[in-house]
Amino acid sequence: MAWPSAAAATSAARLAVPSLPPRLAMAVVTVGAALFGWAGVLLIDPSNEGLSDCWGVDGIFLVAAALGWAQGPGRRWRGLLCYGVGAAAGFLVGGSVAGAGLDWLILRIPGNAAAGLCYVVLSQRGRPAGSFIPRNAEEAFRLMLVILPAPMVGMALGAYPATGLGGSGDLHTDLWGLARQFSALAVTANVVIPFFFRSTWRPAGSRTRWWFIPVFLVVASGAVTVPRLLPELPLAWLFIVPAALAGLLFPVRAAALAGFALVMIFVMLPYQRFPGPIQDATISPEILADCMHGFLSNIALTIAVFRENLMCLRVEAADRARTERARHELLDGVIQSISHGLLLADPEGRVTISNDAAERLVGTAIPDRVSSQWARSAHLQAADVMRVLDTPSWEAVLKPRPQQRFRGEVVVDSPSTATRRVSLTSQMLTIGADRLSLILFRDITAAHQRQQELETFAGTVAHDLKGPLTAMVAWMEAADDEFETGAAASGQDMLERAREAVFRMQALIDDYLAYAVTRGGVLTLTEVPLALVVAEIVDVYAGDGEQSATSFEVDVPHVLHADAALTRQLMANIIGNGVKYARDGEAAYLRIRSVDDAPGWAQVQVADAGRGLEPGDEERIFAEFSRGTRDAGSVAGIGLGLALCHSIVTRHGGRIWAENNDWGGATFRFTMPTVEAAQP
């Protein structure tokens, strides 16, 4: 996620837009031009070389140009024209009321309009359109610089009284006129414009507290009165103190109002008395005092802008800090929720990130540095040779080759946890100038055990199928020899024996397929009447020659909610097991019942009067390829029948167990869900 720079984000927040409706703004500009035109003409002072003591007409044209410029590229020139005409009309009316001639007033308009437009054009270069409030202290300083050419343009076009077109010809008069108009334009740009434009966002904490006002008034009063009470001391610099205080205490608009009030107070007060005739100096103290008024307004605005800009940065920094904390918490939550162990370390083993799963898999806390010594203390063993990881092996984990992934398996044989087999992968990540190793631990104990079981299963299948296949081949070869010698009857007998070997092999294959299906096939649950299933199986034994003497006692009223095919195989295996293990010379007897167990479950009982179970066989007989210790050699089978039963019952959520009964035989019990369990 890319983050904008603080300056860019703050600049966007500090954009300014017009705060007055266009018609009201036009009325204010027109009335203001009339008032300043009236006052400017009335306050022309012959004793001050014909300069006006309050000539703010160029400032009004500056406001008009700013409002017109803020209309945007599509309406800018129309806005400049409309506001300019309004300012000119007001100036003509006000000046005429004050007694000036219409021709004299008309000659003043181009210069004053050009001065205001000059400032607007220069101040807007490289800035968002219409943003006339500085966004930072640098822009506030730049604002003062772009004001300097504006009074010169105005004087060149005869904007000011006493100077005329191109200046008066007297250097002192021209400098004094430029100083006064610089001050008027600076005051307008610094403390008047903020009332016509507002920031699009105001930072929290920028409001004015009530006690700021009396503090400012006391300081301002002292700055005005003390220099006049002590004229022999150089205390003119005290004027800066209330301006700076206004910027420190107030938001931009309030600071502008305070700065405007200070300037008006200094304008209305007479000049301080200075030793010597001021007319004899080219740059008189009065010229410097008038220039100071402009800088005074800029001081208040610059400090206020800097203060609000700092608040913007603080708020933005706090927002970013909260966002970063949220991102770190989210990232940490994701990392901790991963079931695989994760560890991020540099090539020296210094840990940057780790999760709880890594500690659980390793069986010990993850230290700040995972060295080869730590790997030995954590009992990490190479799975291929079952020895503790040495330093080169661990170095290969911490420093995998670029663009390659290290893969390996380790055995965790820690005394504090069960032995685990863990897959370990590591790859190099480049983050900036840092190179880190991402190490993942994945528990493959169950997968490895399953793989071992599959290998054992495959070996058993190959071994068990080899016997019938070898017998079939041998009997067929023997039959071929008998047929060559003309002993057809003997050859036919040998072919029959070969067919029996094929049947045995087919039965083995069926058992293995059934075992594989019960371990991973999809269950199709339906209503299974237990009585019908048992009746089908019992009927088979009733018509089967040697086993036709087998007797059954059946009482199974329950309807199961189970897979019909697997339920039939389950009952067939258990009933067949009872018949197969009947006592020598005795007919088999089985009692098959079903009774209620927990709500929604039935317990099925199959009790026989056969040979019973040897001590310790009660659980072992349900394992794959496991048979009773007493009859393993005398009764045919591969030890999968009861394992199939265990798998079927377990997949249905039930349990199965066996025990000896009072008849000396064995009783097999298992639980299965009934139809009631499937009801909502």
Side-chain angles (χ1 to χ4, degrees), residues 14-37 40 55-95 105-135 139 142-154 156-157 159-160 181-182 184-200 252-253 256 260 297 301:
R14 297 291 303 149
L15 292 179
V17 296
S19 59
L20 298 178
R23 292 184 179 180
L24 179 58
M26 177 68 76
V28 172
V29 167
T30 303
V31 173
L35 290 176
F36 276 99
W55 187 266
V57 179
D58 49 0
I60 290 297
F61 276 98
L62 186 154
V63 173
L67 291 172
W69 192 275
Q71 298 301 308
R75 303 171 58 187
R76 178 168 297 159
W77 295 110
R78 180 182 175 184
L80 289 172
L81 179 61
C82 291
Y83 283 106
V85 169
F91 171 65
L92 291 175
V93 172
L105 293 173
I106 292 175
L107 290 176
R108 305 279 85 77
I109 290 176
N112 285 280
L117 184 61
C118 176
Y119 165 77
V120 169
V121 172
L122 293 178
S123 67
Q124 292 300 291
R125 289 180 63 85
R127 299 185 65 197
S131 181
F132 288 95
I133 297 179
R135 296 170 294 178
E139 288 191 359
R142 180 174 174 268
L143 180 149
M144 290 300 294
L145 294 180
V146 299
I147 289 175
L148 294 175
M152 299 179 187
V153 171
L157 297 177
Y160 315 127
Q181 295 321 121
F182 166 79
L185 290 170
V187 169
T188 302
N190 286 301
V191 300
V192 176
I193 284 292
F195 290 98
F196 288 87
F197 294 85
R198 61 179 175 83
S199 296
T200 55
V252 170
R253 282 193 169 186
F260 184 76
S297 63
L301 180 67

Nearest heavy atoms of [X] and [Y], plus distance in Å:
X: R125; Y: R142; value: O-NH2, 2.9 Å
X: A186; Y: I147; value: CA-CD1, 3.5 Å
X: F91; Y: I109; value: CD2-CG1, 3.8 Å

### Query
With sequence neighbours left out, what residues match F196 under ring pair (Phe, Tyr, Trp, His ring centres under 6.0 Å)?
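Per chain and number, F196 pairs via ring pair (Phe, Tyr, Trp, His ring centres under 6.0 Å) with no residue.
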From [atom1] ([X]) to [atom2] ([Y]), nearest 0.5 Å:
X: L122; Y: L143; atom1: CG; atom2: CG; answer: 11.0 Å
X: N112; Y: L107; atom1: CG; atom2: CG; answer: 11.5 Å
X: C118; Y: L148; atom1: SG; atom2: CG; answer: 10.0 Å

### Message
Tell me which pairs pass side-chain hydrogen bond (donor to acceptor under 3.5 Å, both in side chains) where either residue lies in residues 185-195, with sequence neighbours left out.
### Response
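Sorted result for residues 185-195: N190-S297, N190-N298.
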Excluding sequence neighbours, so at least two apart, what forms side chain to side chain contact (heavy atoms under 4.5 Å, CB included) with [X]?
X: L81; answer: V85
X: P22; answer: Y83
X: L157; answer: A114, V153

List the atom pairs, donor and acceptor, that lie under 3.5 Å between side-chain atoms in residues 58-67 and the rest of the protein, sequence neighbours left out.
{"from": "D58", "atom 1": "OD1", "to": "Q181", "atom 2": "NE2", "distance (Å)": "3.2"}
{"from": "D58", "atom 1": "OD2", "to": "Y160", "atom 2": "OH", "distance (Å)": "3.4"}
{"from": "D58", "atom 1": "OD2", "to": "Q181", "atom 2": "NE2", "distance (Å)": "2.7"}

### Task
Could you tell me whether the side chain of R76 and the main chain of W69 form a donor-acceptor pair under 3.5 Å?
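Judged by distance alone, yes, a pair lies under 3.5 Å.
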